[in-house]
Amino acid sequence: MVEIELDGQKVEVLEGSTLMQAAEKAGTYIPHFCYHKKLSIAANCRMCLVDVEKAPKPMPACATPVTQGMVVHTKNDKAIRAQKGVMEFLLINHPLDCPICDQGGECQLQDLAVGYGAGESRYQEEKRVVFHKDVGPLISMQEMSRCIHCTRCVRFGQEVAGVMELGMSHRGEHAEIETFVGMSVDSELSGNMIDLCPVGALTSKPYRYSARPWELSRRKSVSPHDSTGSNLIVQVKHDKVMRVLPLENETVNECWLADRDRFSYEALNTDDRLLSPMLKQGGEWKAVDWQTALEYVANGLKQIKAEYGAQSIGALVSPHSTVEELQLVASLMRGLGSENIDYRLRHADFSPPTSVHWLGTSIASLSHVQRVLIVGSNLRKDHPLFALRIRQAVRNGCAVNAIGSIAELPFPDAWAMPLANTIMAPPDGWAQTLADIAAAVAQEKGVAAPVPGRVTEIAKAMAVSLLGGERKAILLGNAAAHHVNASNLLELADWIAIQTCATVGYLTEAANTVGAQLVNALPGASGMDAGQMLNGKLKAVLLLNNEPEFDSAVGDRARTSLNSAQMVVTLNPFKANMDFSDVLLPIAPFTETPGTFVNAEGRVQSFHAVVKPRGETRPAWKVLRVLANLLELPGFNFESSRDVLNQVAGLNSEQVPADMLRKASSRQIEMQKVASDAVPVVASIYQLDGLVRRATSLQLTADGRKAAGLNGADA
């Protein structure tokens with residue numbers, strides 16, 4: 001530790017720390033623009049100049065390391081004069097258009113100019129003009145004349161997102177931030193550049209000129225998309241969601257958001273919202289009241305149960321639904337006497353799990369792994385914030401090994417990080433590839449291999465990599481989870497993990513994949529799985545928050561099978577499944593209902609509604625409770641969503657108990673033969689769920705355009 005004196009206060013900090021870090025520890029604010037705790041030090045704005053005794057001139061606090069006995073003044077005359085001088089230079093070319101600037105009210109330059117700016121400018125010459133640039137549908141670069149060249153956006157792309165899409169060209173007053181030869185910004189994390197910009201140079205295109213910061217209410221929530229469970233601040237004006245920003249949580253999403261978490265709110269305000277219950281009568285849709293719709297559903301279910309038995313009724317549910325919704329729909333099905341319920345719509349292997357599949361480690365630990373093997377995941381697109389964590393680990397020496405096909409490893413730098421070893425193999429060869437790695441591990445350790453395998457050069461390289469280091473993880477991606485031979489992949493990963501002392505787990509696809517397992521939204525011993533239910537074997541189907549055409553492995557074939565059912569009931573926030581449904585019930589999206597998600601690491605995160613439900617929309621847990629009452633099922637007298645949550649074992653704390661989560665197990669492995677055309681169905685980044693599919697700006701991105709119009713199987 002090093003002790004310094006900062007503004008008369010003794011401060012102890014770690015050797016190698018900077019004056020800025022010492023000031024943060026002491027609770028002293030030093031004005032700055034280019035410095036950010038998550039980015040490298042650039043020291044190019046000079047706003048953080050401070051007076052260090054015995055130094056001939058003011059020093060930048062962000063780039064000056066502490067030394068024993070250093071005496072620093074951040075607020076004496078010398079420091080203040082230096083900071084005011086820097087502010088004068090920053091404002092020389094800055095257009096003073098605060099009244100019409102979209103950043104007004106939350107602009108760091110505006111705030112600091114109040115304290116450090118002069119009352120009038122001595123600069124009389126013409127200000128420079130930087131012409132606007134079009135870099136895509138998410139970021140607006142219409143007012144780049146405001147840019148102060150802090151380079152936060154450049155460093156973010158290079159260091160955090162892994163792709164340097166922005167850079168500085170030219171020199172002096174001609175310097176400007178731009179993309180390479182007019183290209184667009186296509187990173188799946190690009191929206192974070194908007195947050196990082198300390199002036200109004202980079203702003204949000206979808207939000208632009210729609211509200212002022214002081215008009216917005218700020219409410220906490222949790223992302224309903226991938227399994228990170230990103231913490232959100234949802235900003236609301238007149239009961240309408242206007243913007244979504246990250247809520248800092250170092251153990252989950254740090255201070256970042258993926259673009260689909262940030263911009264999917266656009267779907268909430270589209271004309272595609274279902275705002276009242278609807279019945280199909282004579283082939284035409286008619287709006288009805290809730291009582292009529294629910295009585296129709298209840299009577300239909302009773303009639304079908306009486307005529308065909310309870311096993312003719314089933315529920316296909318989305319893992320993007322809340323714990324409370326999944327608990328109630330599972331209880332409703334079992335109350336009717338049916339075991340036909342499943343959330344695994346994109347799966348091909350429906351082996352019953354013996355315990356809850358999860359990440360196998362904490363999200364935060366991904367930043368510190370030293371060796372990792374990833375199977376069947378286009379990590380950067382499937383889980384952008386997990387990729388960000390592993391990218392951090394790579395910068396500290398982590399070796400990343402990957403197994404996938406062209407879909408998961410489309411080109412060498414697809415993951416925006418260096419890969420130590422890669423094996424490109426068709427999906428039917430993944431199990432044998434893992435068997436080869438297991439054989440190489442066995443050879444290195446002098447033990448028997450679990451199944452026959454070939455010790456190839458690349459298999460040996462991966463084995464040696466996994467046997468080195470201390471903190472290691474084997475991660476199975478969405479394609480591995482949806483694989484027709486998912487059981488073998490997991491068994492082989494278990495064996496390798498035990499031999500190499502690694503953790504093993506699934507990256508998990510959706511916001512509540514872990515929660516769906518905890519509430520047992522899975523078929524019982526006599527029940528049909530999702531694949532069987534989508535084969536046209538049901539007379540009555542409940543579809544909770546999903547569109548089987550896009551969200552299931554069968555894709556377009558779902559239409560034909562569901563058309564054969566006597567009654568299909570869709571519970572969805574949007575006008576979905578209209579060609580084969582008989583009833584549409586408008587349920588609230590995540591912003592209009594309380595609920596709980598359990599993320600990949602087993603973290604339990606509850607949230608409240610941030611706006612009132614639109615139209616006649618109702619929270620799904622209330623709809624299911626009333627439907628169960630109309631069906632005269634016992635045990636559904638819940639007064640709140642919290643009452644429903646209390647029914648689920650293990651969710652009374654912030655973390656699911658460790659004994660409920662799966663651990664690597666060694667058992668006899670029997671290799672299964674897989675058809676060469678058995679390709680796992682994985683949703684592309686902006687086709688994951690109904691919200692992102694309807695977010696206009698996301699669909700206009702490069703990734704969105706690639707998958708536009710594709711069904712679940714094709715995407």
Side-chain angles (χ1 to χ4, degrees), residues 221-225 267-268 272-278 289-291 293-294 296-298 301 314-336 341-343 345 510-513 515-516 518-519 521 541-548 551 568-577 581 583-598 606-631 633 635-648 651 689-691:
S221 192
V222 178
S223 171
H225 305 303
L268 301 169
D272 205 29
R273 281 293 300 272
L274 179 65
L275 299 179
S276 65
M278 301 182 79
D289 59 64
W290 272 103
Q291 188 69 23
L294 289 175
Y296 178 90
V297 174
L301 291 175
L316 294 166
V317 300
S318 168
H320 299 278
S321 301
T322 66
V323 166
E324 293 83 353
E325 293 162 2
L326 294 170
Q327 167 71 8
L328 285 175
V329 76
S331 299
L332 189 149
M333 282 293 111
R334 293 187 168 104
L336 285 169
I341 178 170
D342 208 345
Y343 75 89
L345 274 67
N512 206 27
T513 300
L518 288 167
V519 302
V541 187
L542 264 65
L543 300 175
L544 175 63
N545 214 12
N546 66 78
E547 300 164 75
D551 294 329
V568 178
V569 181
T570 287
L571 294 86
N572 205 292
F574 303 101
K575 297 169 185 172
N577 308 326
S581 292
V583 188
L584 298 180
L585 301 178
I587 60 170
F590 79 106
T591 52
E592 299 171 19
T593 181
T596 303
F597 292 135
V598 184
S606 294
F607 54 91
H608 298 286
V610 298
V611 291
K612 294 177 182 176
R614 285 186 63 189
E616 292 298 310
T617 298
R618 296 290 181 270
W621 74 268
K622 288 187 177 182
V623 174
L624 292 165
R625 182 199 64 187
V626 174
L627 180 58
N629 291 338
L630 291 173
L631 289 166
L633 301 178
F636 281 85
N637 297 319
F638 301 108
E639 295 296 325
S640 67
S641 62
R642 176 57 62 175
D643 292 343
V644 182
L645 184 65
N646 290 338
Q647 297 291 309
V648 185
L651 297 189
D689 56 67
L691 269 173

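Side-chain contact between E592 and P619 is absent, with no heavy-atom pair separated by less than 4.5 Å. For the pair N577 and V568, the minimum side-chain heavy-atom distance is 4.5 Å or more. Annotation: side chain of T322 is not in contact with side chain of F590 (no heavy-atom distance under 4.5 Å). Counting heavy atoms from C-beta outward, F638 and E324 have side chains that stay 4.5 Å or more apart.
Relative ring orientation between F597 and F607 is described as tilted, the plane-to-plane angle lying within the 30° to 60° band.
Between atom OG of residue S640 and atom CG of residue N646 there is a gap of 7.5 Å, rounded to the nearest 0.5 Å. In this structure, CD1 in I587 is found 6.0 Å from CG in N572, a value given to the nearest 0.5 Å. Separation of atoms CG (L275) and NZ (K575) is listed at 7.0 Å; rounding is to 0.5 Å. Interatomic distance, Y343 OH to N546 CG, rounded to the nearest 0.5 Å: 14.0 Å.
When all heavy atoms of H320 and A511 are compared, the pair lying nearest together is ND1-N, 4.0 Å. In this structure, S606 and L645 approach most closely via the heavy-atom pair OG-CD2, 3.8 Å.
For the side chain to side chain contact (heavy atoms under 4.5 Å, CB included) test with W621, the passing option among V323, L328, V329, L326 is L328; the others fail.
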